[in-house]
Amino acid sequence: MGEREVGALLWEFETLLSLLLNAAVTLLVLALIFRISLSQPGLLFLTFFFFFYCAWRLVSVFYIDVFGPIVSEQLERSIGPGLAAVPLGASHVLVLLMLLVSFHPQRLKALAAASNFKMSSFLPTGRLDLFNLAFWVILLFEVALWIEMLTRGTIPLFSKIERLDYSRQFGGFLHGRLMDWGPMLAFQLGLLFATPVLRGARFDYRFGALFGSLMVYLLFVGHRFSSFFLYFSFFIMPMGSIVLGRSKAAAFDNLAFYRMLRALWLPVAGLGVLVLGALTYSYTVVRGAESELLQAKLTQRLLVQQGEMWWMTYERVFLHGDWNAPLAFVKLFLDPFNPNRNSTMQLLMELGLPIERAHALLDLGVAYTGGWPEVLFELGGPVNGFILVVLSAIMFSEFLFLVTRCIVEQRYATCFFLTPILYAVEVYLTSGMMNSFIQLTFMTKLGAAIFVYVLEDRWRARLMVSASPGAGQAMALEKEVTP
């Protein structure tokens with residue numbers, strides 16, 4: 001056997017080994033997500049945004065690894081093949097395992113025991129109804145939002161205008177506020193929709209209708225899958241917290257709760273049809289000139305763009321050992337190209353593209369997909385990057401447990417002030433945005449949330465002790481559940 005034949009056999013063996021390794025890691029992560037979803041459906045609801053995004057990116061990187069070299073339209077170069085799915089899958093496994101630790105059954109059992117009472121029974125009668133007030137305020141906002149859009153004379157759904165172009169050229173003040181705060185509003189709507197269950201009532205369908213109105217508005221102003229997915233993920237998070245925090249409580253009727261969930265199949269199916277229609281309309285009507293390239297565009301969108309920035313980090317850090325932590329730190333926190341936007345993607349685009357092209361795209365408001373865990377390995381390299389991943393996983397899972405605790409204990413004021421922090425944490429676990437954590441506004445929101453948490457905790461303690469002599473024991477149990 002000649003050298004050429006030996007070389008061919010070695011190449012085939014390496015290719016097969018890479019395929020098996022990539023497939024094993026990808027299937028392991030997907031199987032772990034599936035197993036968690038079956039064993040703890042509440043965790044699926046609570047982390048649906050991360051689960052879905054994690055699986056999508058991993059499949060994309062697997063596609064690039066196995067079928068590469070593949071031309072990336074955005075990077076204007078070929079990427080793949082390789083083993084990029086392995087470190088990415090390992091990072092995802094670390095987060096999934098930390099979620100299982102934070103939401104361990106024993107910890108959830110203690111939380112259920114601590115919150116096994118109805119806060120409404122301790123409140124005096126004749127008080128202001130928070131839910132009615134919230135309904136009328138949000139309804140007024142949405143009516144004004146629709147009026148603003150209709151009176152401007154341009155409806156993107158009918159005018160074939162992209163959503164970003166509409167926001168820049170035609171969107172009004174209220175539209176801008178929705179674009180800034182929309183996912184957080186969706187979370188509040190989900191909270192108000194689901195938490196009546198904690199008082200033994202049914203879902204408050206008024207807030208479900210308000211959420212549906214927002215989805216239709218997003219369709220009219222040209223939004224597609226990403227916005228619907230983001231809003232829906234935040235809307236269902238409180239339901240996940242209720243399942244996790246109360247499913248082991250003796251007074252909680254699990255069967256009745258799941259029956260109410262199953263009754264929502266028609267609105268969920270309607271949302272699915274809405275998303276499918278928005279995607280079809282976007283690619284066949286708004287981008288009608290590109291219809292002959294539809295398959296290529298969808299392949300790029302679904303299977304390349306989700307993983308291309310991670311593949312670039314893998315190539316730099318893991319294959320070439322090329323990372324510069326001081327430069328990354330400066331670009332992230334001290335001297336980003338645009339300090340008002342996500343500095344992580346700015347750094348990655350500057351590293352992966354010609355600098356002039358990267359800055360031209362950033363000036364247009366274009367940002368590629370990805371950022372986490374890329375930024376951690378750009379800071380820490382191929383070894384210390386995993387330490388940063390572990391720290392990120394701890395922060396993410398423990399913060400979600402804190403949110404779950406506040407929801408099941410009906411700490412509505414704390415939940416309200418925690419919402420922007422929750423949004424920042426969720427965005428970090430997908431886009432890697434770190435510079436938001438050092439902004440004065442974020443520090444102010446964090447301080448306000450801590451202050452309100454302490455204030456609400458003391459108010460609850462006084463209210464419960466004065467209303468019932470036996471409530472002190474419940475409060476003692478509650479204190480044992482660490483956030």
Side-chain angles (χ1 to χ4, degrees), residues 21-22 25-26 28-30 32-33 47 49-65 75 79-80 82-102 304-325 327-329 331-333 336 342-352 367-400 424-438:
L21 191 55
N22 281 320
V25 172
T26 302
L28 172 64
V29 175
L30 296 179
L32 186 56
I33 292 175
T47 59
F49 184 58
F50 174 75
F51 278 11
F52 188 93
Y53 188 76
C54 156
W56 191 359
R57 290 205 77 199
L58 189 59
V59 169
S60 171
V61 173
F62 174 80
Y63 174 81
I64 295 170
D65 280 341
L75 298 177
I79 53 177
L83 291 170
V86 176
L88 179 63
S91 300
H92 290 159
V93 166
L94 290 172
V95 177
L96 295 173
L97 292 178
M98 191 59 220
L99 285 170
L100 291 176
V101 172
S102 294
V304 178
Q305 293 176 12
Q306 299 299 319
E308 60 190 6
M309 298 308 291
W310 167 254
W311 207 92
M312 296 291 286
T313 293
Y314 162 77
E315 183 182 57
R316 278 193 304 272
V317 176
F318 289 89
L319 294 185
H320 300 153
D322 179 18
W323 78 93
N324 189 331
L327 174 65
F329 184 87
K331 285 293 185 178
L332 288 171
F333 301 112
N342 182 2
S343 61
T344 293
M345 187 47 63
Q346 296 175 44
L347 167 67
L348 295 176
M349 291 175 68
E350 288 176 342
L351 292 174
Y368 291 171
T369 302
W372 190 97
E374 290 95 323
V375 64
L376 304 181
F377 291 97
E378 297 290 352
L379 283 169
V383 177
N384 292 332
F386 283 107
I387 298 176
L388 297 178
V389 169
V390 172
L391 295 176
S392 296
I394 294 172
M395 176 198 68
F396 177 62
S397 59
E398 285 300 300
F399 183 77
L400 287 184
V425 171
E426 290 281 346
V427 168
Y428 165 67
L429 255 290
T430 52
S431 70
M433 186 172 182
M434 302 179 75
N435 57 320
S436 64
F437 295 133
I438 65 169

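Worth saying up front: this structure is predicted, and the values here are computed from it rather than measured.
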Just by distance, do the side chain of [X] and the backbone of [Y] share a donor-acceptor pair under 3.5 Å?
| X | Y | value |
| --- | --- | --- |
| Ser60 | Trp56 | no |
| Asn22 | Gly82 | yes |
| Arg57 | Gln306 | yes |
| Thr344 | Gly432 | yes |
| Glu374 | Gly371 | yes |

Check side chain to side chain contact (heavy atoms under 4.5 Å, CB included) between Ser392 and all other residues, then give those that pass, not counting sequence neighbours. Trp372, Leu376, Tyr428
Under 4.5 Å between any side-chain heavy atoms of [X] and [Y], yes or no?
| X | Y | value |
| --- | --- | --- |
| Asp65 | Val61 | yes |
| Val389 | Phe377 | yes |
| Leu99 | Leu400 | yes |
| Val427 | Asn342 | no |
| Met98 | Val390 | no |
| Pro373 | Phe386 | no |

Atom pair [atom1]/[atom2] of [X] and [Y] - distance to nearest 0.5 Å:
| X | Y | atom1 | atom2 | value |
| --- | --- | --- | --- | --- |
| Lys331 | Asn324 | NZ | CG | 11.5 Å |
| Phe396 | Leu429 | CZ | CG | 4.5 Å |
| Leu347 | Leu327 | CG | CG | 7.0 Å |
| Ile33 | Phe52 | CD1 | CZ | 11.0 Å |
| Ser431 | Leu348 | OG | CG | 10.0 Å |
| Glu315 | Asp322 | CD | CG | 10.0 Å |

Tell me the closest heavy-atom pair linking [X] and [Y], and the distance in Å.
| X | Y | value |
| --- | --- | --- |
| Val317 | Trp323 | CG2-CB, 4.0 Å |
| Leu388 | Leu379 | CD1-CB, 4.1 Å |
| Gly89 | Val25 | CA-CG1, 3.8 Å |
| Phe318 | Pro87 | CZ-CB, 3.7 Å |

Please step through side chain to side chain contact (heavy atoms under 4.5 Å, CB included) for the pair Cys54 and Val29, ending with a clear verdict. CA-CA 9 Å; Cys54 156; Val29 175; 4.0 Å; yes
Walk me through whether Phe51 and Val95 qualify under side chain to side chain contact (heavy atoms under 4.5 Å, CB included). CA-CA 10 Å; Phe51 278 11; Val95 177; over 6 Å; no
Do the ring planes of Phe333 and Phe329 sit parallel (below 30°), tilted (30 to 60°) or perpendicular (above 60°)? tilted
Candidate pair Leu96 and Leu100, rule side chain to side chain contact (heavy atoms under 4.5 Å, CB included), full reasoning: CA-CA 6 Å; Leu96 295 173; Leu100 291 176; 5.9 Å; no
Those residues that, when tested against Glu378, pass salt bridge (Lys or Arg N to Asp or Glu O under 4.0 Å) (two or more places apart): Arg316
Could I get the full list of salt bridge (Lys or Arg N to Asp or Glu O under 4.0 Å) partners for Glu426, not counting sequence neighbours? none
Side chain to side chain contact (heavy atoms under 4.5 Å, CB included) between Met345 and Tyr368, intermediate numbers included: CA-CA 7 Å; Met345 187 47 63; Tyr368 291 171; 3.9 Å; yes
Please confirm whether the ring centroid of Tyr314 lies under 6.0 Å from the ring centroid of Trp311. yes
